[in-house]
There are 2 protein chains.
Amino acid sequence: MTMAEHRATHAANGRRRGPSMADVAREAGVSGQTVSRVSNGRDNVDPETRDRVLEAMRSLGYRPNSAARALRSGRFHSIGVIMFTLSSFGNMRTLDAIAVAAADAGYSINLIPVPHPTQGEVSVAFDRLSEEAVDGVIIIIEAHLLDESDVVLPPELPVVVVDSTAGDRYPVVDTDQAHGARLATEHLLSLDHRTVWHVAGPERSYSATHRREAWEATLRAHGAEVPPVLVGDWSSESGHELGLRLARDPSVTAIFAANDQMALGVLRAMHETGRAVPGEVSVVGFDDMEESRSFWPPLTTVRQFFDEVGRRSVEALIGEVESGSVATSTLVATELVVRCSTAPPA
Amino acid sequence: MTMAEHRATHAANGRRRGPSMADVAREAGVSGQTVSRVSNGRDNVDPETRDRVLEAMRSLGYRPNSAARALRSGRFHSIGVIMFTLSSFGNMRTLDAIAVAAADAGYSINLIPVPHPTQGEVSVAFDRLSEEAVDGVIIIIEAHLLDESDVVLPPELPVVVVDSTAGDRYPVVDTDQAHGARLATEHLLSLDHRTVWHVAGPERSYSATHRREAWEATLRAHGAEVPPVLVGDWSSESGHELGLRLARDPSVTAIFAANDQMALGVLRAMHETGRAVPGEVSVVGFDDMEESRSFWPPLTTVRQFFDEVGRRSVEALIGEVESGSVATSTLVATELVVRCSTAPPA
DNA sequence: GGGTTGCATGTTCACGTCAACATGCGATGC
DNA sequence: GCATCGCATGTTGACGTGAACATGCAACCC
């Protein structure tokens with residue numbers, strides 16, 4: 001039976017199913033089991049038989065049915081990724097890396113969005129998740145939502161948490177936020193700024209909290225005064241707003257923003273108020289997003305290795321899925337990228 | 001049997017399977033079919049029976065097995081999304097919208113990355129795809145790769161193409177690139193610029209081509225001279241490079257960049273060479289990414305409605321999946337957002 | 001009151017795959 | 001020459017679900 005005939009047959013009876021192992025077996029004159037063996041690349045098949053089967057597969061346009069495979073084996077070769085809006089630079093880059101790493105390992109990615117980070121929504125996402133065909137989950141949302149909600153992840157489901165903390169319930173892969181924040185703060189102090197102001201991310205974000213705490217600790221360690229924190233929401237808008245506040249205070253000479261977007265907003269505020277960067281005010285960001293080298297002035301920032309985070313989280317998860325070994329949490333280093341937005345105070 | 005006991009049982013014999021319909025049926029004292037009916041929300045079940053079944057499901061921690069369901073029904077309730085790197089602002093926003101729209105419709109998203117846009121890679125992605133458990137596919141890659149390669153998408157698989165063209169093989173959901181480019185160009189001309197230079201996206205991108213063609217057509221329609229095109233690669237780096245070239249030419253007073261990132265690079269080039277924006281040179285972007293309002297100066301740009309694109313493509317695809325009707329192609333409008341990077345020539 | 005209708009529920013079986021076990025056959029050992 | 005082994009291949013059944021069909025029972029009609 002040719003592929004065209006096959007499809008015609010199926011079109012006729014209204015089903016859209018592709019050819020099955022049985023069809024291939026018939027075409028090749030072997031048993032279904034032999035087709036299965038060829039399909040799974042086992043070596044205990046006579047080369048000649050294998051060729052015949054492969055030829056039959058090709059001519060019929062056979063594709064293994066992943067649902068049947070999953071049903072039989074109990075494994076889906078799929079990883080669920082739960083995340084808020086992708087609209088954060090870091091999340092996006094991390095997801096990208098996860099997708100690539102997963103594909104390399106033969107896993108597909110099942111994206112589960114949580115449009116609004118409320119407990120209700122998280123709950124819904126998790127409920128949905130439990131019906132999803134995934135072998136494990138990578139969570140890229142603020143974990144406090146896990147702590148507080150009575151949401152239950154399906155037990156026995158391997159989980160890796162990214163860029164957050166999760167008590168010690170799950171392994172965590174995170175950027176070394178504290179290290180990055182220390183690098184940024186020390187860089188500014190080493191330029192002889194008396195102290196460093198901080199435009200932080202939202203209160204409930206762990207990344208934001210870690211960066212802020214490390215900034216504060218670094219200032220204290222160097223005997224510098226700790227100015228009040230300005231809290232933003234990661235957006236350049238909020239950076240702009242807080243930047244305007246800082247611009248009014250002539251004693252401010254060094255600002256560490258918790259991400260590049262807010263740093264961009266701060267830069268805009270400085271331009272608007274005529275305060276020279278880096279002449280009067282130095283600014284450091286966090287993330288090293290692709291665009292930050294084109295900001296004006298090009299932004300000194302802390303580079304995160306999102307690819308590494310994605311890669312490691314997939315690695316950890318698949319390890320857990322395949323060998324049952326629960327991974328340990330790991331930190332990914334950061335590095336300071338000095339560009340043109342920092343200089344000694346006037 | 002309680003949930004704990006149930007899991008203990010399974011742990012003991014080494015299987016990690018959850019309880020099945022049969023377990024629930026036994027617990028509730030009904031047949032499997034009745035459980036199935038409750039599970040699928042059919043209304044022909046006695047309320048009392050339904051409650052008993054729901055209670056049994058809860059106590060056992062029952063979750064429908066999606067693999068078995070898919071095997072039986074031939075439907076996966078899953079949409080495959082094929083895309084290059086997420087690292088483009090537009091792709092990311094579109095994906096986000098797709099994910100949300102799909103979730104609302106009860107579909108999950110299967111992300112299939114194509115790290116390198118070569119034919120070989122595309123081929124691999126498609127091969128992989130054919131084993132994936134998806135009911136349809138949304139393709140967000142430059143479609144010429146489809147045209148040229150001998151890659152075969154599984155026949156009968158519904159496909160929607162986003163932000164590209166696809167001959168008339170598949171329905172296309174696209175932003176009205178031409179309209180946007182015309183808005184941008186006319187805005188600059190209306191400010192009395194003699195002509196408008198264009199920093200285009202890569203040759204092989206359809207979006208880039210459409211924008212460029214519309215820019216050129218608009219200039220011609222207004223009797224303006226058409227200057228040579230500068231071709232970038234969407235990155236702010238390339239915008240910077242080409243911007244430096246443009247900055248050297250004093251006759252350049254208006255620049256339309258094919259995306260915001262390249263516009264950012266152009267802005268940087270102007271700052272570096274001391275050419276005032278918008279005093280000496282006006283710059284318009286395309287996309288209206290979240291950050292562009294915080295560029296210096298805040299960027300005049302063409303807003304794309306990525307959410308709408310994502311929503312419509314999901315709608316079109318699901319329509320095709322569920323009713324078999326092939327959708328028609330649609331265009332999503334754009335709008336000009338005037339900020340501070342444009343002004344009449346000096 | 002016999003037949004019909006409507007509704008809740010049960011029984012059977014097939015979806016496509018693959019593990020486990022079975023078969024068959026040539027080669028090898030003593 | 002007979003037992004044994006290795007290897008390619010075949011047969012059977014189960015994974016969990018839900019469509020199709022079957023059953024059983026109460027209400028209703030003329």
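Per chain, numbering begins at 1; letters A, B, ... match sequence-line order. Excluded from the calculations below are hydrogen atoms, water molecules and symmetry mates; all remaining heavy atoms, backbone and side chain alike, are included.
Here the closest heavy-atom approach between residue B/Ala133 and residue A/Ser66 is recorded as CB-OG, 3.3 Å. Residue B/Phe76 comes nearest to B/Ala70 through the heavy atom pair CD2-CB, 3.6 Å, listed as atom of the first residue, atom of the second, then distance.
The side chain of B/Asp46 has C/dA8 as its nearest neighbour among C/dA8, C/dG10, D/dT17. The listed nucleotides are D/dA19, C/dT9, C/dT17; the one nearest the side chain of A/Met21 is C/dT17. Here D/dG18 is the nucleotide among C/dA8, D/dG18, D/dT17 with the atom lying nearest to any side-chain atom of B/Gln33. For B/Arg72, taking side-chain heavy atoms from C-beta onward, the closest of the listed nucleotides C/dG10, C/dC18, D/dT17 is D/dT17. Each of D/dT9, D/dG10, C/dT9 was ranked by its minimum atom distance to the side chain of A/Ser31; first place goes to D/dG10. In this structure, the nucleotide among D/dG10, D/dT17, C/dG10 sitting nearest to the side chain of A/Val30 is D/dG10.
Between atom CG of residue A/Asp135 and atom CG of residue A/Asn110 there is a gap of 10.5 Å, rounded to the nearest 0.5 Å. One finds the CG atom of B/Leu54 at 11.5 Å from the OH atom of B/Tyr62 (value rounded to the nearest 0.5 Å). Here CG of A/Leu111 is found 9.5 Å from CD1 of A/Ile98. Values are rounded to the nearest 0.5 Å.
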Could you list the donor-acceptor pairs under 3.5 angstrom formed between side-chain atoms of residues 308-323 of chain B and any protein atom two or more places apart in sequence or on another chain?
unit_1	atom_1	unit_2	atom_2	d
B/Glu308	OE1	B/Arg311	NH2	3.3
B/Glu308	OE2	B/Arg311	NH2	3.2
B/Glu308	OE2	B/Arg312	NE	2.9
B/Glu308	OE2	B/Arg312	NH2	3.4
B/Arg311	NH1	B/Glu315	OE2	3.1
B/Arg312	NH1	B/Leu331	O	3.1
B/Ser313	OG	B/Val309	O	3.0
B/Ser313	OG	B/Gly310	O	2.9
B/Glu322	OE2	B/Tyr107	OH	2.8
B/Ser323	OG	B/Gly319	O	2.7
B/Ser323	OG	B/Ser325	N	3.4
B/Ser323	OG	B/Ser325	OG	2.8

Would you mind writing out the side-chain donor-acceptor pairs for residues 39-47 of chain A within the sub-3.5 Å range, not counting sequence neighbours?
unit_1	atom_1	unit_2	atom_2	d
A/Ser39	OG	A/Arg69	NH2	3.0
A/Asn40	OD1	A/Arg69	NH2	3.1
A/Asp46	OD1	A/Glu48	N	2.9

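No hydrogens or angles were tested; on distance alone, nothing pairs the side chain of B/Arg63 with the base of D/dG16 as donor and acceptor under 3.5 Å.
Side-chain N/O atoms of A/Arg42 include one lying less than 4.0 angstrom from OP1 or OP2 on C/dA19. One finds a side-chain N or O of B/Thr34 lying less than 4.0 angstrom from the OP1 or OP2 phosphate oxygen of C/dG10. Taking side-chain N and O atoms only, A/Asn65 has no distance below 4.0 Å to OP1 or OP2 of C/dC15.
Between A/Asn44 atom CG and D/dG6 atom P there is a gap of 14 Å when expressed in whole angstrom units. With rounding to whole Å, A/Asp43 atom CG is found 11 Å from D/dC7 atom C1'. The distance between atom CZ of A/Phe76 and atom P of D/dG16, rounded to the nearest whole Å, is 10 Å. Distance B/Arg75 CZ to D/dG18 C1': 14 Å, rounded to the nearest Å. Across the protein-nucleic acid pair, A/Arg37 atom CZ and D/dG10 atom P stand 8 Å apart, rounded to whole Å. To the nearest angstrom, P of C/dG16 lies 15 Å from CE of A/Met57. Rounded to whole angstrom, the span from the CG atom of B/Leu71 across to the C1' atom of D/dG18 amounts to 11 Å. For the pair A/Arg26 CZ and D/dT9 P, the computed distance is 19 Å after rounding to whole Å.
Looking at heavy-atom distances under 4.0 Å, A/Val35 makes no contact with the nucleic acid at all. Using a 4.0 Å heavy-atom criterion, one finds that B/Arg50 contacts no nucleic acid atom at all. Nucleic acid contact class of A/Thr49 (heavy atoms, under 4.0 Å, all strands): sugar-phosphate only. Using a 4.0 Å heavy-atom criterion, one finds that B/Ser36 contacts the bases of the nucleic acid, with or without backbone contacts as well.
Toward the 5′ end of DNA chain C lies the nearest nucleotide of B/Gly32, the other residue of the pair B/Ala68 and B/Gly32 mapping further downstream.
For the helix from C/dG1-D/dC30 to C/dC30-D/dG1, the angle separating the two terminal helix axes comes to 40°, with each axis derived from five pairs and the value rounded to 10°.
With a 4.5 Å cut-off on side-chain heavy atoms, A/Leu95 and A/Val81 count as touching.
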